[in-house]
Amino acid sequence: MQGRDKLCAKLTSAFLRKWWFVLASAVILLLLGIVIAIFLGTWIRLFIDHELVLRPGSMTFEWWARPPVRPFVKVYVYNVTNADEFLNNGSKPILDELGPYVYSEEWEKINITDNENGTLSFHYKRTYTFQPEMSNGMDDDAVVVPNIPMLSATSQSKHAARFLRLAMASIMDILKIKPFVEVSVGQLLWGYEDPLLKLAKDVVPKEQKLPYEEFGLFYGKNGTSPDVVTMFTGATDMTRYGIVDRYNMRDRLPHWTTDQCNSVAGSDGSIFPPHITANDTLRVYDKDLCRLLPLRYLETVESSAGVEGYRFTPPEDVFANDEHNKCFCPAGPPCAPDGLFNVSLCQYDSPIMLSFPHFYLADPSLREAVEGISPPVAEKHRLYIDVQPEMGIAMRARARIQINLAVSQVLDIKQVANFPDIVFPILWFEEGIDELPEQVSSLLRLATRVPGVARAALAGGLCALGAALVLLAVTCLIRSSHRQSTLRLEAHVVAKPPPPKTPSKESAYELNSRR
Ligand SMILES: *[C@@H]1O[C@H](CO)[C@@H](O)[C@H](O)[C@H]1NC(C)=O
Ligand SMILES: *[C@@H]1O[C@H](CO)[C@@H](O)[C@H](O)[C@H]1NC(C)=O
Ligand SMILES: *[C@@H]1O[C@H](CO)[C@@H](O)[C@H](O)[C@H]1NC(C)=O
Ligand SMILES: *[C@@H]1O[C@H](CO)[C@@H](O)[C@H](O)[C@H]1NC(C)=O
Ligand SMILES: *[C@@H]1O[C@H](CO)[C@@H](O)[C@H](O)[C@H]1NC(C)=O
Ligand SMILES: *[C@@H]1O[C@H](CO)[C@@H](O)[C@H](O)[C@H]1NC(C)=O
Ligand SMILES: *[C@@H]1O[C@H](CO)[C@@H](O)[C@H](O)[C@H]1NC(C)=O
């Protein structure tokens, strides 16, 4: 009791002479606490949005233009070990999965132009370097794979005039072209001179000409891409942050039957519109995939740097042969079987089909048509991206795709007469980033944890302080008014002039005299 009296005395004597002032400040603190509890989240969102916008010179811009990450691509090649038996005796192809052959990547965006309308235009530059110590084998390992240019030509000639097919057979005879080739892994990826493409370059009319005479599945990817990409910076609309506006000046693909399927309005997989919820569908556009890839929430994960993220992965029916994929099948029906995506229109009409590795999520009969591919396992063969939901930054990614060749049997061409209708797997690869550098991770950690903590601390602290002050002020006010009335009463009874001091002064006096 005495302690509280003293505290009251101190508060009143020192700088807060009027109880009502204490009460008012306390109420203001309380209100401030409540306002912060309600609005701090919004303010932090606005601040994050402001910082994320890709403004030339800002930190986010520098990270976007030259990502401080070490991406890698791991390639697994299916080596055909029984090519002769397959062709001569009709046995199932026996494949031997080799690899991984690991290439590190360096990403850069060059010739960045600010269009002054909330978009930037630029070119991707990617540099690949073989990493022998991370690989299982060297990139000059010889492998036997289907002759993709030849089988593309023969499969395409299926509906051409018969004499053309016969002519093709004799040209292939002269050039000694076989349905399987033995090349090194490096050649299969980065290109080797192909006699058929070389010939095509010389004879085919200019407008149908293939742009190159070498063939490689990653041909032309090492270096600066010729494609101009226009992307939203978030300056005008944060909901389109990092989304492609135009690809090579076009905002739609020409290949498919509906506007929705022709859209290129997706992220490139590195940044997404921020404030992602588990209900959102993310969309990634990749030129080689030839469409937007939808991604849905799978689970909440934590990166090894301790940042919480959402794992997004394509829905199971993404490549299903169903109603909502009909737009990707302009020539059908029949359309590609479940789990295959026909990209031939994007690949100069060669019958390339994409799927997930080991035919994950695909019709099992595709995997059973060959030997040597183990059953798919979601953890090893699923494509996923882990994003930090508040800032929309990809923290970890595994873009896993298998390249297959859909061969059609053509009886008139004797070299391939025994090559049955089959979806022949060629290779699969995994492109990924494992971890962001520590500086980015710590910023993300800050961005995820600080808002909650700051809000709780600030709002809680202010409210607690306000409540304590209200309590104190009210107690002191009651006490002093009680004392005042007692004093007045005394004055009447004793008939002495009451002390002209306010209770506060009196208390102060008492306190001072006691010291
Ligand atoms: C690939 O298979 C062929 C046989 O078809 C074999 O000669 C070759 O050594 C294999 N390549 C590797 C790297 O194992
Ligand atoms: C093809 O099959 C026949 C009989 O089934 C067998 O004798 C022959 O060795 C096989 N050829 C090859 C290349 O395996
Ligand atoms: C980039 O810009 C430079 C100079 O402005 C130009 O010479 C070069 O051709 C451009 N590169 C590409 C790929 O457009
Ligand atoms: C922004 O400007 C560029 C270049 O002028 C143009 O290609 C693009 O379509 C514009 N984008 C929007 C959203 O206006
Ligand atoms: C990619 O290009 C760079 C520089 O042009 C070169 O050093 C590197 O060997 C190339 N990588 C591959 C896999 O060809
Ligand atoms: C997500 O969607 C489900 C059902 O559509 C709904 O019940 C839930 O409230 C949504 N959650 C958020 C965070 O929007
Ligand atoms: C793939 O698409 C092309 C072009 O639309 C079409 O001609 C071909 O028949 C399709 N292949 C399959 C197996 O559906």
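These figures come from a predicted structure and were not determined experimentally. One-based numbering, in listed order, for ligands and for the atoms of each.
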Novice: Among protein heavy atoms, which sits nearest to atom 10 (C) of ligand 5, and what does the distance come to when rounded to 0.1 Å?
Specialist: N222 ND2, 2.4 Å
Novice: Among all protein heavy atoms, pick out the one at the shortest distance from atom 7 (O) of ligand 4; state its residue, atom name and that distance to 0.1 Å.
Specialist: R246 CD, 3.7 Å
Novice: Quick one: look up the protein heavy atom nearest atom 9 (O) of ligand 5 and list residue, atom name and how far away it is.
Specialist: Y128 O, 4.4 Å
Novice: How far is atom 4 (C) of ligand 4 from its nearest protein heavy atom, and which residue and atom is that?
Specialist: N115 CG, 3.7 Å
Novice: Residue-level breakdown please: for F130 versus ligand 5, do any non-hydrogen atoms fall below 4.0 Å on the side chain, on the backbone, on both, or on neither?
Specialist: neither
Novice: Before giving the answer on salt bridge (charged side-chain N to carboxylate O under 4.0 Å, His left out), spell out for R398 and D434 the whole-Å C-alpha distance, their side-chain angles and the decisive distance to 0.1 Å.
Specialist: CA-CA 8 Å; R398 292 284 183 280; D434 247 333; 2.7 Å; yes
Novice: Can you confirm if the aromatic rings of Y103 and W190 lie within a centre distance of less than 6.0 Å?
Specialist: yes
Novice: If we set the cut-off at 4.0 Å for heavy atoms, which region of S344 has an atom near ligand 7: side chain, backbone, both, or neither?
Specialist: side chain
Novice: If you count the non-hydrogen atoms of other residues, nucleotides and ligands that lie under 6.0 Å from NE2 in H50, is the total more than 12?
Specialist: no
Novice: Using the ring centroid of each side chain, check whether W64 and F122 are separated by less than 6.0 Å.
Specialist: yes
Novice: For the residue pair F272 and F312, is the inter-centroid distance of their aromatic rings smaller than 6.0 Å?
Specialist: no
Novice: Give me the nearest non-hydrogen protein atom to atom 13 (C) of ligand 7 as residue plus atom name, then the distance to 0.1 Å.
Specialist: M353 CE, 3.2 Å
Novice: Do other residues, nucleotides or ligands put more than 12 heavy atoms under 6.0 Å from R66 CZ?
Specialist: no
Novice: Provide the number and element of each atom of ligand 5 under 4.0 Å from a heavy atom of W190.
Specialist: 13 (C)
Novice: Could you find the nearest protein heavy atom to atom 6 (C) of ligand 7 and give me its residue, atom name and distance?
Specialist: A331 CB, 3.9 Å
Novice: Looking only at protein heavy atoms, which one is nearest to atom 8 (C) of ligand 7, and what is the separation?
Specialist: N342 ND2, 3.7 Å
Novice: Determine whether D268 and Y124 satisfy the following criterion, side chain to side chain donor-acceptor pair (under 3.5 Å), listing intermediate values before the conclusion.
Specialist: CA-CA 11 Å; D268 68 352; Y124 286 106; 2.7 Å; yes
Novice: Any protein heavy atom at under 4.0 Å, with atom 2 (O) of ligand 4 as the reference point?
Specialist: yes
Novice: Give the residue, atom name and distance (to 0.1 Å) of the protein heavy atom nearest atom 14 (O) of ligand 4.
Specialist: N117 ND2, 3.1 Å
Novice: Just checking F319 against F356, ring centres under 6.0 Å apart?
Specialist: yes
Novice: Does the ring of Y128 carry R126 above it, NZ/CZ under 6.0 angstrom from centre and within 45° of its axis?
Specialist: no
Novice: Would you call T230 a ligand 4 contact, heavy-atom distance under 4.0 Å?
Specialist: no
